[in-house]
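Below you'll find the structure, written out as structure tokens, and then a few comments.
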Amino acid sequence: MTALTLSTAAAPGLRADAIVVGVAKGGSAKSSDLVVAPGAEAVDKAYDGGLAGVLETLGASGGEGEVTKLPAPSGFKAPVVLAVGLGSQPDKDASFGTETLRRAAGAAARALAGSKKAAFALPITDAADAGAIGEGALLGAYSFDTYKENGKDGKKDAKNGKAPLAEVALLGGKPRDRAYKAAVERATAVSQELNRARDLVNTPPNDLNPEAFAAVAQAAAKEHGIKVQVLDEKALEKGGYGGILGVGAGSASAPRLVQLSYTSSKAKKHLAFVGKGITYDSGGISLKPAGHNETMKCDMSGAAAVFAAVVAAARLGLEVNVTGWLALAENMPSGSATRPGDVLRMYSGKTVEVLNTDAEGRLVLADALWKASEDKPDAIVDVATLTGAMVLALGNRTFGVMANDDAFRSAIVEAAEEAGEPSWPMPLPDHLKKGMDSPTADIANMGERMGGGLVAGLFLKEFVGEGITWAHLDIAGPAFNESGPFGYTPKGGTGSAVRTLVRVAELAASGDLG
Ligand code: BES
Ligand code: MN
Ligand code: ZN
């Protein structure tokens, strides 16, 4: 795991493999003007103030995410200077913005894979900037190589890729300032847990079934003083969890419901986070066609996000109670699988006609939402890779936010924005509920095709306890990155929604949520 520290060292004498500086597009008349961003004055001085000119000669434009490497000036202990683009320069004295810094740090850390230590001399105006740069660097340094030969032991060769950056030092911060120290601690805890969520998502489904996921959660809970309870198939049967059992019925690996309880003696609020944890979604008897199931190990991304957020909340000692619910099952076709046409009796007592076994996420979530509601938390937030329709609506980088309370929905979207995660509010139009009417049962698990993401949200709403504030995050788009890496986002599992949930917990702790 990459280590993060604040350093007061001066750039020239610093022992590192590279020094990272920022370069921006100057705001003036000539749009080709490059400016070296604040924080890199000592580096620029060593080039006799000509760093921007050198970068321009090398073809740098200052565009976001652009990376230019050049030899360090003579006299520097570090051999390389890496300039990362920050986009347009902000107005005088304004910060570049935390998300711009986070992405730039991520792009730099990715480009430095194979190096041991890098010093980041990016523009820092306050502790939040330092935290964002730290977060971006730790998230950008992520790699998943458990299944590569020579993986995880540091002994990489060209064939197996380069080891991630091991050490990040932030220059220009205030190592003795409490706010800066807290920002670095927060960045470290959140990034490490988020990277752990990515590991879970990337782990192939033959190695991460519901039982294995539950075991990982149990071990982490023990390590961080979180109370944990795992309901296995027998307990689920006894409790009447027809949704979770129905989805898991076709699999050789039995389902689980995991409850993680983090409590603070100073808590005034109680949040429940509920995660969809389909460790593999084949579609079941309504089997997905080839081309639609290759990435379906990602269908437990919601549960991974909830798990990571609860552990991060515990590590940060947030003054709020957080209960995490992981609804874990594998959706497979077999002779024992739930059929289209079957009726399930859910934990809430409602009956559901299963018209399409590929609409399984809402079934496991329904049981977990009803169970979570029994504690009467102040709010419930569920996270799920729920519908392809949400991907069509919002694309691959934005998650949809639905809620039974408009103010709460806005609060969640705002929290996501603060955390650096793109999201968008979506409605839950009542008229779409009718499409889920079933001649046989209380409700069907499918409705109109149009607005499929909203239909799924409306289904979930039926399983939220009376009077409980609830929001639903459909992360089907951003949870898994099938194209190339960008900023601090790698290919594969992204850790979507972890930072939003942590931010929501922080806001609840300070009494500022909605
Ligand atoms: N896990 C899928 C949704 C999904 C799609 C996640 C793409 C990530 C990327 C979900 O279980 C599913 O299959 N949903 C169906 C619902 C439909 C049958 C009503 C869908 O969206 O097609
Ligand atoms: Mn499905
Ligand atoms: Zn699914």
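Order of appearance sets the numbers: ligands from 1, and atoms from 1 within every ligand.
With contacts defined as side-chain heavy-atom distances shorter than 4.5 Å, the pair Val352/Arg345 does not qualify. Side chains of Asp512 and Glu506 form no contact here, defined as non-hydrogen atoms less than 4.5 Å apart.
Ligand 1 does not have His292 within reach: every non-hydrogen atom of the residue lies 4.0 Å or more from it.
At distances below 3.5 Å, at least one donor-acceptor pair connects side-chain atoms of Ser282 with backbone N or O atoms of Asn331. Within the 3.5 Å criterion, the main-chain N or O of Trp470 finds a donor-acceptor partner in the side chain of Asn404. Remark: side-chain polar atoms of Arg362 are not paired, donor with acceptor, to backbone N or O of Leu460 under 3.5 angstrom. Between the Glu421 side chain and the Thr500 main chain, a donor and an acceptor come within less than 3.5 Å of each other. Checked by atom type and distance alone, the side chain of Ser191 pairs as donor or acceptor with a backbone atom of Ala187 at under 3.5 Å. The backbone N or O of Asp358 lies less than 3.5 Å from no partner atom in the side chain of Lys288, so there is not a single donor-acceptor pair. Looking at Thr469, its side chain never comes within 3.5 Å of a backbone N or O of Ala379 through a donor-acceptor pair.
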Walk me through it: do Asp442 and Thr351 pass the test side chain to side chain donor-acceptor pair (under 3.5 Å)? CA-CA 5 Å; Asp442 295 331; Thr351 55; 3.2 Å; yes
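Thr279 and Asn209 form no side-chain donor-acceptor contact under 3.5 Å, judged by distance and modelled atom types alone.
Scanning both residues, Ala304 and Ala197, for their nearest heavy atoms gives O-CB, 3.7 Å.
Polar contact check, Thr387 against ligand 1: no nitrogen or oxygen pair lies under 3.5 Å apart. Some N or O of Gly388 is nearer than 3.5 Å to an N or O of ligand 1, by distance alone.
Under 4.0 angstrom from ligand 1, the non-hydrogen atoms of Met296 all belong to its side chain. Looking at Thr295 against ligand 1, nothing comes within 4.0 Å, counting heavy atoms. The part of Lys276 lying near ligand 1 is the side chain, judged by heavy-atom distances below 4.0 Å. Counting heavy atoms closer than 4.0 Å to ligand 1, residue Glu482 contributes nothing at all.
Looking only at protein heavy atoms, the nearest one to atom 2 (C) of ligand 1 is Asp281 OD2, 3.5 Å. Looking only at heavy atoms of the protein, atom 16 (C) of ligand 1 is closest to Arg362 NH2, 3.8 Å. Considering only non-hydrogen protein atoms, atom 18 (C) of ligand 1 sits nearest to Asn356 ND2, 3.5 Å. The nearest protein atom to atom 12 (C) of ligand 1, hydrogens excluded, is given as Asp358 O, 3.2 Å; this is a heavy-atom distance. In this structure, atom 10 (C) of ligand 1 lies nearest to the protein heavy atom Leu386 O, 3.3 Å.
A 6.0 Å sphere centred on CD of Glu99 holds more than 12 heavy atoms belonging to other residues, nucleotides or ligands. Atom CD of Glu417 has 12 or fewer heavy atoms from other residues, nucleotides or ligands within 6.0 Å.
Residue Glu360 approaches ligand 1 through these ligand atoms, each under 4.0 Å from one of its heavy atoms: 11 (O). Ligand 1 places these atoms under 4.0 Å from at least one heavy atom of Ala476: 6 (C), 8 (C), 9 (C). When each atom of ligand 1 is checked for a heavy atom of Met446 under 4.0 Å away, the hits are 19 (C).
Around the Mn ion (ligand 2), the two atoms OE1 of Glu360 and OD1 of Asp358 are separated by an angle of 120°, to 10 degrees.
Excluding water, every protein N/O/S atom under 2.8 Å from the Zn ion (ligand 3) is given here by residue and atom: Lys276 NZ, Asp281 OD2, Asp299 OD2, Glu360 OE2.
Nearest N/O/S atom of Asp281 with respect to the Mn ion (ligand 2) is recorded as OD2.
The nearest N, O or S atom of Asp299 is not closer to the Mn ion (ligand 2) than 2.8 Å.
Using a 4.0 Å cut-off between charged nitrogen and carboxylate oxygen, Glu418 and Arg499 do not count as a salt-bridge pair.
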